[in-house]
Amino acid sequence: MRAEGKGVGSAVVSVLFSTSLLLFACAYHFKTRFEGTASVRSLTRSFSSGPNNISAAKGGGVFQKGHGSQVDQLSWLAGGGNQIPLQAVDFKTPDGVDYHVDVEVYMESQDPSSQIFTEWVLVQVVGAPGLLDIVRLKLIPWGQAALIDTGKGKAVYTVEQQGNFTNVTLDPSGPPPSFLCQHGPSECEGNVWMSCVQELYPDVLQWFRVTTCIQARSCVEGQAPTVDSVAHTGSRASHPCGGQPSEVAPGCVKEFGIDMDIGAIRTCIQSRMGSELLLRNMVETEALDPPMQSMPWVVVGDQVLNLPNQSNLFLLGKAICDTYVRKIQPYVNGTVPRPLGCYYFPTSPPYMPEIPRANDFGISLLWAIGGVSFVSGVMILICWKYHSSIGSKGDDYGDDDGQSQGW
């Protein structure tokens, strides 16, 4: 009978402990899964609602191999709100004035927010009529990466600043540089791919298509090329990813790299040049003032677009046009002529409906039930051990009495 009681008690304790661990695991999974995707969901939802809906632009813009009319290029703005009628604009850049607006985008490969910003905002700005005539665009793929010491010492390099250009030279006598990236070695590879493409082919009409393709087709954090309905780690059906950056990059170069030499790009990636480009990205990122606080970090002229509100990233086009007007106004009597695209950018961030937080009550309930199960298991285990010890002592006393009576 006692053996049966021990078996039942052991089974009950095992079930309670197993239940508590399962509930803890479920609560942790749901909480972390929601928190990890909340920022991406908020960005995605903001583009599919409100008067400034630009979701139709996702498949067009600079990904089109041919350029259509201005009306075709602005078709993504056709819906919602009272828009200015599409019309030709007599735009001519002023002579003898540096009218270009510098736009620097600090980002990293395989970052969900950087990917969404590139596809849904940057692509539309670059593809808007006339914007490339007034913009100097630069991507700095580095993000949260770091130069590390693998035991042989850190790489030695020199930095030369020539105006707005930063040149980094590695000391060949020192150890080779080693980099640690937030999303692993594949992110470092994506960063160097985009850096080499941009360096070897400085014409934005060449490199932007390729770098955007790499960003769009790479699997970001939490994605895999094949949808896994059990683990939920696959890419979305509406946005299939193609693999790691180094896996999708050759195809992007072949499809969008006009007159690009894939061999020259690979040589850059595998040589000291690629390492120096990453070091340059590091130096420029660390020199930011104020320092980078989120990604992507966008600087238009000398103003950080992320501050004071992250939603200002959606107003990149407006910020560029406003900066251009301020820069040119002293040289122009009257109204500054602007590119046609400037007349159609949204003037306020898209409406962002509040996204309900994770079911805090449900998660708290899981934690509570798991905790009660765990504590109950501990209490039963203690009582069981206590009664077992008392019973074993009683048996010992009974044996002693029997022996003494036998004598």
Side-chain angles (χ1 to χ4, degrees), residues 54 57 60-64 67 73 91 93 97-109 111 113-143 163-166 190-216 252-253 256-260 265 277-278 280-281 284-285 287-288 292 295-306 312-328 338-342 344-345:
I54 60 174
V62 296
F63 277 109
Q64 298 172 350
H67 291 284
Q73 292 178 6
F91 166 69
T93 55
V97 178
D98 181 15
Y99 54 85
H100 288 99
V101 177
D102 292 308
V103 177
E104 298 175 345
V105 180
Y106 295 83
M107 37 75 77
E108 66 184 10
S109 176
D111 173 60
S113 297
S114 296
Q115 184 190 70
I116 290 177
F117 173 79
T118 300
E119 290 185 83
W120 294 80
V121 179
L122 196 56
V123 162
Q124 310 312 325
V125 170
V126 173
L131 261 290
L132 285 183
D133 294 330
I134 66 172
V135 170
R136 274 193 296 257
L137 177 63
K138 182 179 180 181
L139 300 186
I140 299 92
W142 180 256
N164 293 329
F165 180 76
T166 303
N191 290 344
V192 73
W193 264 97
M194 290 188 286
S195 299
C196 283
V197 168
Q198 192 175 183
E199 182 72 13
L200 295 177
Y201 302 95
D203 185 354
V204 67
L205 290 176
Q206 280 187 295
W207 66 259
F208 185 74
R209 287 183 174 91
V210 176
T211 57
T212 303
C213 173
I214 295 173
Q215 277 286 83
C252 291
V253 172
F256 298 108
I258 303 173
D259 299 327
M260 286 189 179
I265 298 174
L277 291 177
L278 287 182
R280 185 175 73 186
N281 295 344
E284 293 180 348
T285 302
L288 285 170
M292 183 174 64
M295 274 188 296
W297 191 254
V298 182
V299 181
V300 179
D302 56 355
Q303 298 295 319
V304 177
L305 197 58
N306 302 64
N312 288 337
L313 289 175
F314 301 125
L315 304 180
L316 175 61
K318 178 180 181 298
I320 292 173
C321 295
D322 290 347
T323 303
Y324 173 77
V325 170
R326 288 196 301 269
K327 197 171 185 179
I328 300 304
R338 299 180 295 167
L340 176 60
C342 289
Y344 295 92
F345 289 123

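Quick note: numbers below take in every heavy atom, side chains included, and nothing from hydrogens, waters or symmetry partners.
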_Assess the residue pair Thr211 and Cys252 against the criterion (side chain to side chain contact (heavy atoms under 4.5 Å, CB included)); give the C-alpha distance rounded to whole Å, side-chain angles, the decisive distance to 0.1 Å, and a yes or no._
CA-CA 8 Å; Thr211 57; Cys252 291; over 6 Å; no
*asked:* Checking Phe208 against Val123 for the side chain to side chain contact (heavy atoms under 4.5 Å, CB included) test, could you report, in this order, the C-alpha distance in whole Å, the side-chain angles of both residues, the deciding distance, and whether it holds?
replied: CA-CA 9 Å; Phe208 185 74; Val123 162; 4.3 Å; yes
*Test side chain to side chain contact (heavy atoms under 4.5 Å, CB included) on Leu122 and Leu139 and set out the steps.*
CA-CA 11 Å; Leu122 196 56; Leu139 300 186; 4.0 Å; yes
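Under the side-chain contact (heavy atoms from CB on, under 4.5 Å) criterion, Gln206 pairs with Tyr201, Asp203, Asp259, Met260, sequence neighbours left out. Take Thr118 and apply the side-chain hydrogen bond (donor to acceptor under 3.5 Å, both in side chains) test, not counting sequence neighbours, and it matches no residue. In this structure Arg326 satisfies the salt bridge (Lys or Arg N to Asp or Glu O under 4.0 Å) test with no other residue, sequence neighbours excluded. For Ser114, the side-chain hydrogen bond (donor to acceptor under 3.5 Å, both in side chains) criterion is met by Asp111, not counting sequence neighbours. Here Glu284 pairs with Lys138 under the salt bridge (Lys or Arg N to Asp or Glu O under 4.0 Å) rule; sequence neighbours left out. With sequence neighbours left out, the side-chain contact (heavy atoms from CB on, under 4.5 Å) criterion links Val192 to Cys196, Ile269, Leu278.
At least one donor-acceptor pair closer than 3.5 Å links the side chain of Lys327 to the backbone N or O of His100. A side-chain donor-acceptor contact under 3.5 Å links Trp207 to the backbone of Pro202. With hydrogens and angles disregarded, no donor-acceptor distance shorter than 3.5 Å links the side chain of Thr212 to the backbone of Arg209. Formation of a donor-acceptor pair under 3.5 Å by the Asn306 side chain with backbone atoms of Val298 is found in this model. At least one donor-acceptor pair closer than 3.5 Å links the side chain of Asn281 to the backbone N or O of Pro141.
Between the CD atom in Gln198 and the CD1 atom in Ile265 there is a gap of 12.0 Å [rounded to 0.5 Å]. In this structure, the separation between CZ on Phe345 and CG on Asp322 is 11.0 Å, given to the nearest 0.5 Å. Between the CG atom of Leu132 and the CG atom of Leu137 there is a distance of 8.0 Å, given to the nearest 0.5 Å. One finds the CD1 atom of Ile140 at 11.5 Å from the CG atom of Asn191 (value rounded to the nearest 0.5 Å). Note that CZ of Phe314 is 13.0 Å distant from CD of Gln124, once rounded to the nearest 0.5 Å. For the atom pair SG of Cys321 and CG of Leu316, the computed distance is 9.0 Å after rounding to the nearest 0.5 Å.
Using a 4.5 Å cut-off on side-chain heavy atoms (C-beta onward), Val126 and Leu131 make no contact. Side chains of Ile214 and Val253 form no contact here, defined as non-hydrogen atoms less than 4.5 Å apart.
Salt bridge present: Glu199 and Arg280 bring a charged side-chain N and a carboxylate O closer than 4.0 Å. Using a cutoff of 4.0 Å between basic side-chain nitrogens and carboxylate oxygens, Asp98 and Arg136 are scored as salt-bridged.
The two residues Trp297 and Val304 make their nearest non-hydrogen contact at CZ2-CG1, 3.3 Å. In plain terms, the two heavy atoms of Tyr99 and Tyr324 that are nearest each other are O-CD1, 3.3 Å. Across all non-hydrogen atoms, the minimal contact from Met107 to Pro296 is CB-CB, 4.3 Å. Nearest heavy atom pair, residue Gly143 against residue Met292, reads O-CE, 3.3 Å. The shortest non-hydrogen separation linking Ile320 to Val101 is O-CG2, 3.8 Å. Scanning all heavy atoms of the two residues, the minimum distance from Gln215 to Ser109 falls at OE1-CA, 3.5 Å.
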